[in-house]
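Shown next, in structure tokens, is the structure this report addresses.
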Amino acid sequence: MTVRTRFAPSPTGFLHIGGVRTALFNYLFAKKHGGQFVLRIDDTDASRNVVEALAPILHGFKWLGLNWDEGPEVDGPYAPYYQSQRNPKYQSAVDQLLASGHAYKDYAKAEELAADRELAGKEKRDNIYDRRFMAVSDADCDRFESEGRTATIRLKMPREGKCVFVDHVRGSVSVDWAREQDSVIQRPDGSFIYHLATVVDDEHFQISHVIRAEEHLPNTARQIFMIDALGYKRPEYAHIPFVAEPGSKVKLSKRKLEKYLKNRDFKKLNDHGVSIMEKLGESPDSQLFNPVITDFFERAGFLPDALVNYLLLLGWSLDDKTEFLNRDEMVEHFSLERVVKAAASFDPLKLDAFQQHYMNELDLKKKVAMCLPFLQKANYVATPPPCDISDYVQSIVIAAGDRIQIAGDILDFDDFFVDDQKLIFDEKAFGKRILKPEDALELLRGLREKLSGIEQFDIKTTEVVVKSFVEERGIKIGQIINALRVAVTGKGVGFGTFDTLAILGRDRCLNRIDLAIARAESAG
RNA sequence: GGCCCCUUCGUCUAGUGGUCUAGGACUCCGGCCUUUCACGCCGGCAACACGGGUUCGAACCCCGUAGGGGUCACCA
């Protein structure tokens with residue numbers, strides 16, 4: 001048997017990380033068994049602009065490296081992969097169900113059904129439709145229609161016995177047929193309900209394993225009913241737990257951003273991304289730019305490998321110690337049996353830790369290539385970039401080391417890209433390191449003279465000169481070096497001061513020291 | 001409320017009757033390093049939801065209880 005799995009996104013305009021994890025499990029399972037991973041588009045809601053809303057989702061999958069074997073853009077033997085284009089298949093399935101007596105025309109009105117529901121609620125019992133508007137003959141149809149009623153097509157579910165199926169995550173699952181509602185599969189306007197469409201598509205696409213989030217578990221019995229009634233082959237099921245909110249077991253939703261921002265860790269992650277956007281002069285819609293949506297991670301400069309690895313371990317583990325797996329290892333080791341049964345909450349800090357790990361492993365050239373677009377967007381580097389800029393950026397990336405946790409962090413080092421005159425001094429740092437210490441200005445003047453005499457203005461030489469200056473004056477290095485950092489970068493924090501001096505070069509350093517001295521003099 | 005599912009450190013998890021005074025990772029808290037910040041290094045806090053069984057022996061098996069969650073649509 002060929003293993004075929006599918007993920008069926010609705011064109012909503014963004015890719016939810018919970019969805020990504022479900023897709024990832026589908027992808028890995030198919031690849032592990034040498035099968036295919038299919039992308040099917042659930043675009044039955046015609047009111048949306050599919051093309052526009054689908055693009056970011058497909059883009060997200062590509063960015064993450066979750067390449068689909070069949071689906072939009074690549075097509076495949078079972079095309080079309082858009083549900084909106086598959087109506088004839090659904091119609092013939094409904095006709096078949098009607099003909100075999102597994103479905104019926106129902107003429108109940110929405111408000112009558114709502115009243116039933118309310119009554120059942122009051123009486124604290126299941127709400128099972130009593131079929132009082134079920135048409136059993138053409139005469140019934142005529143009578144109901146003459147009353148102004150319209151027909152939906154409902155499943156005629158069994159009222160006794162059990163539906164039993166095996167789930168790869170949950171084991172044997174059993175539900176009483178009597179508790180299953182006669183669900184609608186076709187609306188009066190002829191459009192089809194998800195349950196019918198998914199069953200028909202899974203059959204036609206030859207899907208062998210349905211791997212989906214556990215909120216679909218209660219839907220499974222009615223789908224199995226249709227599968228059996230239509231003479232289809234039952235796929236194997238695996239209902240994986242959903243991704244939960246940070247610090248809770250409630251399903252993560254893209255609509256509860258405000259609540260999540262009250263979580264310290266989530267806010268920290270969010271703010272990190274937002275601050276990068278601000279430095280780029282962008283102000284993205286917070287509903288579309290937040291850590292529940294994959295776009296956030298791409299735009300802020302995360303590594304797809306970090307997100308994927310993190311998501312894999314959210315609800316799955318290889319053993320008691322393995323944390324990092326590359327794509328090949330994921331494919332090799334993935335198994336549904338090791339999926340954890342309980343929902344796992346999204347932990348922004350742990351994702352950060354994975355990002356840090358992968359960033360540290362990243363090849364220097366790639367790191368520079370990732371940072372460059374941010375500098376271009378911020379107008380620190382021209383587009384196309386000048387040919388010597390890579391070396392310059394590289395020297396900064398090397399000096400910054402792991403301070404660049406995500407690519408957008410390169411913007412923290414904007415002082416290397418602005419003109420001396422436009423350098424902004426951080427007030428707090430300037431006060432603490434230059435204004436407040438009594439000897440800071442005098443030391444800075446003295447060191448400036450020393451630095452101006454250096455011909456070979458590199459890390460080594462500047463270090464030797466500064467250290468001999470420190471010795472001459474009998475001071476501690478911290479007394480001058482912090483003032484020096486603020487003078488040349490405007491900031492109180494940054495990487496090694498000698499690296500900084502060397503990258504800026506002698507003239508820019510002297511220039512900036514002069515500016516800082518002048519600024520201090522006018523302030524005092 | 002009915003039905004279904006879940007329950008090991010704050011979080012992600014390992015654990016399938018003795019090797020568990022419960023292991024790893026992230027976070028957190030100390031300390032070291034130091035030129036600020038970050039990194040790194042060393043150390044520490046921290047969990048089997050509860051109650052009954054079964055058994056020589058239970059985090060692991062059974063039954064209850066509690067808590068949490070999902071779902072009950074002419075959404076997917």
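Sequence lines set the chain letters: A, B, ... in the order given, protein chains first and strands last, and positions in each chain run from 1.
Nucleotides B:C45 and B:A22 place their P atoms 11 Å apart, quoted to the nearest Å. With both ends at atom P, the span from B:C42 to B:C48 equals 28 Å, rounded to whole Å. Spacing between B:U27 and B:G40 at atom P, rounded to whole Å, works out to 9 Å. Nucleotides B:C9 and B:C60, compared at atom P, are 14 Å apart to the nearest Å. For the P atom pair drawn from B:A46 and B:C62, the interatomic distance equals 31 Å after rounding to whole Å. Taking the C1' atoms as reference points, B:G23 lies 13 Å from B:A59, given to the whole Å. For the C1' atoms, the distance from B:U35 to B:G30 is 23 Å, rounded to whole Å. B:A49 and B:G10 have their C1' atoms separated by 16 Å, with the value rounded to a whole Å.
Regarding A:D42, its CG atom lies at a distance of 8 Å from the P atom of B:A76, rounded to whole Å. The distance between atom CZ of A:R154 and atom P of B:A73, rounded to the nearest whole Å, is 10 Å. We find that CD of A:Q181 is positioned 7 Å from P of B:A73, with the value rounded to whole Å. B:C26 atom C1' lies 14 Å from atom CG of A:N263, rounded to whole Å. Straight-line distance from the CD atom of A:E245 to the C1' atom of B:G10: 16 Å, rounded to whole Å. The separation between A:H195 atom NE2 and B:C72 atom C1' is 11 Å, rounded to whole Å. With rounding to whole Å, A:K249 atom NZ is found 14 Å from B:G70 atom C1'. Put simply, NZ on A:K251 is 19 Å from P on B:G68, counting in whole angstrom units.
When the nucleotides B:C5, B:U7, B:G69 are ranked by their closest atom to the side chain of A:A342, B:U7 comes out on top. If you check B:A25, B:C5, B:U35 against the side chain of A:E214, the one that comes closest is B:C5. The A:E215 side chain lies nearest to B:G70 when the options are B:G70, B:C37, B:A14. In this structure, of B:U36, B:C74, B:C3, it is B:C3 that holds the atom nearest to the side chain of A:R179. Listed nucleotides B:C4, B:U35, B:C74 differ in distance to A:T152; the shortest reach to its side chain belongs to B:C74. In this structure, of B:U13, B:C74, B:G24, it is B:C74 that holds the atom nearest to the side chain of A:A110. Listed nucleotides: B:C74, B:U13, B:U11. Nearest to the side chain of A:P188: B:C74. Taking only side-chain atoms of A:I481, from C-beta outward, the nucleotide of B:A76, B:G69, B:U35 with the closest atom is B:U35. The side chain of A:R338 lies closest to B:A14, out of B:C37, B:A14, B:A73. Nearest nucleotide to the side chain of A:V184, out of B:C74, B:A76, B:G24: B:C74.
Within the nucleic acid shown, A:Q186 has no heavy atom closer than 4.0 Å to any nucleic acid atom. Residue A:T497 is in base contact, counting any heavy-atom pair closer than 4.0 Å across all strands shown. Within 4.0 Å (heavy atoms only), A:A483 reaches no atom of the nucleic acid at all. Base contact: A:H216 has a heavy atom under 4.0 Å from a base atom. Base engagement by A:D402 is indicated by at least one non-hydrogen atom pair under 4.0 Å involving a base atom. Residue A:G492 is in base contact, counting any heavy-atom pair closer than 4.0 Å across all strands shown. A:G315 comes within 4.0 angstrom of sugar-phosphate atoms only, judged by non-hydrogen atoms across all strands, and of no base. Among the heavy atoms of the strands lying under 4.0 Å from A:N219 is at least one base atom, whether or not backbone atoms are also near. Note on A:V340: only backbone sugar-phosphate atoms sit closer than 4.0 angstrom, heavy atoms only; bases stay farther off.
Below 30°, between 30° and 60°, or above 60°: for A:F413 and A:F495 the angle between ring planes is between 30° and 60°, a tilted geometry.
Judged purely by distance below 3.5 Å, without hydrogens or angles, the side chains of A:Y260 and A:N270 never pair a donor atom with an acceptor atom. Side chains of A:D409 and A:H272: a donor-acceptor N/O pair is present below 3.5 angstrom, by distance only. A:Q91 and A:D95 are linked by a side-chain donor-acceptor pair at a separation below 3.5 angstrom, with hydrogens and angles left out of the test. Looking at A:Q83 and A:D201, their side chains do bring a donor and an acceptor atom within 3.5 Å of each other.
Not a single donor-acceptor contact under 3.5 angstrom links the side-chain atoms of A:R433 to the base of B:U36. Residue A:K321 places no side-chain atom within donor-acceptor reach of the base of B:A25, judged by atom type and a 3.5 Å distance cut-off alone. Put simply, the side chain of A:R170 and the base of B:C5 share no donor and acceptor less than 3.5 Å apart.
A close approach under 4.0 Å does not occur between any side-chain nitrogen or oxygen of A:S345 and OP1 or OP2 of B:U11. For B:C72, the OP1/OP2 oxygens have no side-chain nitrogen or oxygen of A:R117 closer than 4.0 Å.
Classification of A:K491 and A:D412 as a salt-bridged pair fails, no side-chain N sitting under 4.0 Å from a carboxylate O. Ion pair A:D130/A:R132 flagged as a salt bridge, since at least one NZ, NE, NH1 or NH2 atom sits closer than 4.0 Å to an Asp/Glu carboxylate oxygen.
Mapped onto RNA chain B by nearest heavy atom, A:F242 and A:N127 fall at different nucleotides, with A:F242 at the one closer to the 5' end. Taking for each of A:F354 and A:K109 the nucleotide of RNA chain B with the nearest heavy atom, the 5'-most of the two is the partner of A:F354.
Across the strands present, B:G44 finds its partner in B:C28; the criterion is a Watson-Crick or G-U wobble pair with both atom distances under 3.5 angstrom. B:U19 is unpaired under the criterion used here, namely a Watson-Crick or G-U wobble arrangement in which both key atom distances are under 3.5 Å. Using Watson-Crick or G-U wobble geometry with both donor-acceptor distances under 3.5 Å, B:U7 finds its partner in B:A66. For B:U54, there is no paired nucleotide, since no Watson-Crick or G-U wobble pair has both relevant distances below 3.5 Å. If you check B:G1 for Watson-Crick or wobble pairing at under 3.5 angstrom, you find it paired to B:C72.
Geometric assessment of A:R21 against the ring of A:F25 yields a positive cation-pi assignment under the 6.0 Å and 45° thresholds.
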Show which side-chain atoms of residues 335-348 of chain A pair as donor or acceptor with protein atoms under 3.5 Å away, not counting sequence neighbours.
residue, atom, partner, partner atom, Å
A:R338, NE, A:S317, O, 2.7
A:R338, NE, A:L318, O, 3.1
A:R338, NH2, A:S317, OG, 3.3
A:D347, OD1, A:L349, N, 3.1
A:D347, OD1, A:K350, N, 3.4

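Within 6.0 Å of NZ in A:K268 there are 12 or fewer heavy atoms belonging to other residues, nucleotides or ligands.
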